[in-house]
Amino acid sequence: MNKKQAFLSIALAAFLASCSDDSNSWNASEVCPESGRGTFVDERDGQVYKYTTIGDQVWMAQSLSYEAAGSFCYDSLPENCEKYGRLYLGKNLDQLCPAGWRMPKSNDYDNLLITVDNRMNVLSAGYWENIQDTINTNKCGMSLRAGGFAYLTESRNENNDVSFWTNESDGSDYFYTLYVCYNYMSVSSLGHSIETMKYYIRCIK
């Protein structure tokens with residue numbers, strides 16, 4: 001082995017070691033401790049919701065289920081509102097969260113992913129297809145579930161993905177939304193018309 005090869009070998013070993021250290025240093029009990037979780041009551045209808053603290057953010061740990069005009073349950077089944085929350089049009093979004101809570105913006109979701117070190121499994125729980133490892137899921141108590149979305153009145157993609165509104169328009173009738181698969185999350189305004197699409201809502205403090 002020449003000097004160049006030896007240097008590259010040492011550099012690679014150091015890089016792998018640093019990656020391993022970074023991976024081991026992330027600790028759910030520090031980032032999203034159970035002491036930062038609890039419940040609150042939506043005074044509009046008396047519904048009780050769970051919340052969770054992740055880093056310096058406080059999130060609803062359930063999707064909103066307030067019965068606003070035009071909202072409905074996936075496949076119009078009440079039990080799906082219990083599992084996933086309600087699906088909403090992208091109108092009057094700033095009026096839908098309970099008192100003391102607000103609609104998130106795209107950077108709120110960006111910060112969430114940074115805080116959990118891009119570990120989607122610590123945010124996701126249940127109702128996802130083809131999950132092999134269910135032991136290490138939902139450690140942060142966010143309980144993201146694959147409730148799909150709706151186009152007009154047609155429910156789609158249950159068990160595959162889920163989409164949430166943000167309170168950010170691109171300047172037209174399109175709002176940015178959060179799209180979540182079990183191991184992937186992105187924010188986009190492509191194809192998310194407030195007139196035709198219906199998504200879920202997670203509020204943040």
Side-chain angles (χ1 to χ4, degrees), residues 31-32 49-66 68 70-74 80-81 83-98 101-129 131 137-151 155-205:
V31 175
C32 43
Y49 292 96
K50 296 178 181 179
Y51 68 83
T52 183
T53 304
I54 304 174
D56 60 0
Q57 296 177 319
V58 181
W59 289 91
M60 285 177 58
Q62 296 169 256
S63 294
L64 188 66
S65 197
Y66 175 65
S71 66
F72 60 87
C73 306
Y74 191 97
N80 283 333
C81 277
K83 282 200 294 187
Y84 307 126
R86 297 183 74 86
L87 290 155
Y88 296 89
L89 282 169
K91 295 182 177 181
N92 304 315
L93 291 171
D94 57 347
Q95 302 174 22
L96 293 177
C97 287
W101 297 79
R102 64 173 176 84
M103 284 288 297
K105 293 185 178 296
S106 57
N107 68 337
D108 291 315
Y109 284 115
D110 290 338
N111 291 335
L112 173 64
L113 262 189
I114 292 170
T115 302
V116 299
D117 194 29
N118 293 302
R119 298 164 189 260
M120 280 300 301
N121 64 329
V122 303
L123 303 175
S124 303
Y127 308 106
W128 300 83
E129 283 186 342
I131 295 181
T137 60
N138 202 37
K139 286 185 176 180
C140 284
M142 186 100 171
S143 299
L144 296 181
R145 295 174 170 180
F149 64 94
Y151 173 71
S155 299
R156 299 181 177 183
N157 281 25
E158 183 183 19
N159 301 133
N160 289 303
D161 54 55
V162 62
S163 293
F164 299 90
W165 289 112
T166 74
N167 200 19
E168 254 176 315
S169 172
D170 68 354
S172 64
D173 68 339
Y174 289 80
F175 270 68
Y176 290 95
T177 61
L178 176 77
Y179 170 79
V180 183
C181 285
Y182 176 66
N183 59 358
Y184 176 75
M185 189 163 101
S186 68
V187 177
S188 169
S189 68
L190 182 62
H192 306 301
S193 168
I194 63 174
E195 300 292 341
T196 58
M197 308 305 293
K198 295 188 178 182
Y199 299 124
Y200 298 97
I201 289 174
R202 284 293 179 104
C203 302
I204 185 173
K205 276 204 167 185

Margin query: Please determine whether a side-chain nitrogen of the Lys or Arg among Arg102 and Asp108 lies less than 4.0 Å from a carboxylate oxygen of the Asp or Glu.
Written below: yes
Checklist line | Basic-acidic side-chain contact under 4.0 Å: Glu158, Arg145 | finding: no
Notebook entry, point to check: Looking only at atom types and distance, does a side-chain atom of Thr115 sit under 3.5 Å from a main-chain N or O of Gly55, one as donor and one as acceptor?
Noted result: no
Item checked: Side chain to side chain, Met185 and Leu113, heavy atoms closer than 4.5 Å -> yes
Check: With a 4.5 Å heavy-atom cut-off, do Lys91 and Ile194 have their side chains touching?
Finding: yes
Check: How long is the span from the OG1 atom in Thr166 to the CG atom in Asn107, to the nearest 0.5 Å?
Finding: 9.5 Å
Check: Without hydrogens or angle criteria, can the side chains of Ser63 and Arg202 be said to hold a donor-acceptor pair below 3.5 Å?
Finding: yes
Margin query: Is there a side-chain contact between Glu168 and Val187 in this structure, where contact means two heavy atoms from C-beta onward sitting under 4.5 Å apart?
Written below: no
Notebook entry, point to check: Taking it one step at a time, do Leu123 and Leu112 satisfy side chain to side chain contact (heavy atoms under 4.5 Å, CB included)?
Noted result: CA-CA 10 Å; Leu123 303 175; Leu112 173 64; 4.0 Å; yes
Next item on the list: Of all the heavy-atom pairs spanning Ser186 and Tyr184, show the shortest one and how long it is.
Entry: CB-OH, 3.5 Å
Notebook entry, point to check: Is there a donor-acceptor pair closer than 3.5 Å between any side-chain N or O of Tyr49 and the backbone N or O of Ser65?
Noted result: yes
Note to self: Let's go through Leu89 and Trp165 carefully: what are the C-alpha distance in whole Å and the side-chain angles of both, what is the deciding distance for side chain to side chain contact (heavy atoms under 4.5 Å, CB included) to 0.1 Å, and is it a yes or a no?
What the structure shows: CA-CA 9 Å; Leu89 282 169; Trp165 289 112; 5.8 Å; no
Note to self: One pair to check against side chain to side chain contact (heavy atoms under 4.5 Å, CB included): Met60 and Trp101. What are the steps and the verdict?
What the structure shows: CA-CA 9 Å; Met60 285 177 58; Trp101 297 79; 3.8 Å; yes
Checklist line | Pair Leu93-Met103, side chain to side chain contact (heavy atoms under 4.5 Å, CB included): steps then yes or no | finding: CA-CA 7 Å; Leu93 291 171; Met103 284 288 297; 4.2 Å; yes
Notebook entry, point to check: Between Pro104 and Tyr109, is any pair of side-chain heavy atoms under 4.5 Å apart?
Noted result: yes
Notebook entry, point to check: Which atoms form the tightest heavy-atom contact between Phe72 and Ala150, and what is the distance?
Noted result: CZ-CB, 3.7 Å
Checklist line | For the student: nearest non-hydrogen atoms of Phe175 and Gly90, plus distance | finding: CE1-O, 4.2 Å
Check: From Asn167 CG over to Ile204 CD1, what is the distance, rounded to the nearest 0.5 angstrom?
Finding: 12.5 Å
Margin query: As an exercise, state the distance from CG of Asn80 to OG of Ser155, rounded to the nearest 0.5 Å.
Written below: 8.0 Å
Notebook entry, point to check: How long is the gap from CG on Asn160 to CZ on Phe149, to the nearest 0.5 Å?
Noted result: 10.0 Å
Checklist line | Donor-acceptor pair, side chain of Asn159 and main chain of Tyr127, under 3.5 angstrom | finding: yes
Checklist line | Beyond-backbone contact of Val31 with Ile54, side-chain heavy atoms, under 4.5 angstrom | finding: yes
Checklist line | Within-4.5 Å side-chain heavy-atom neighbours: Tyr200 and Leu87 | finding: yes
Item checked: Lys83 atom NZ, over 12 foreign heavy atoms within 6.0 Å -> yes
Note to self: Would you call the rings of His192 and Tyr199 parallel, tilted or perpendicular, taking 30° and 60° as the class edges?
What the structure shows: perpendicular
Next item on the list: Look at the aromatic rings of Tyr84 and Tyr74 and report parallel, tilted or perpendicular, splitting at 30° and 60°.
Entry: perpendicular
Item checked: Distance-only donor-acceptor check, side chains Asn138 and Ser143, under 3.5 Å -> yes
Notebook entry, point to check: Is Leu96 close to Ser71 at the side-chain level, that is, under 4.5 Å between some pair of heavy atoms?
Noted result: no
Next item on the list: Would you give the length of the straight line joining atom CZ of Arg156 to atom OH of Tyr151, rounded to the nearest 0.5 angstrom?
Entry: 7.0 Å
Next item on the list: Would you name the heavy atoms of Ala146 and Val162 that are closest together and state the gap between them?
Entry: CA-CB, 4.2 Å
Margin query: Less than 4.5 Å apart, side chain to side chain, heavy atoms only: is that true for Lys139 and Val116?
Written below: no
Notebook entry, point to check: How long is the span from the OG atom in Ser188 to the OH atom in Tyr179, to the nearest 0.5 Å?
Noted result: 11.5 Å
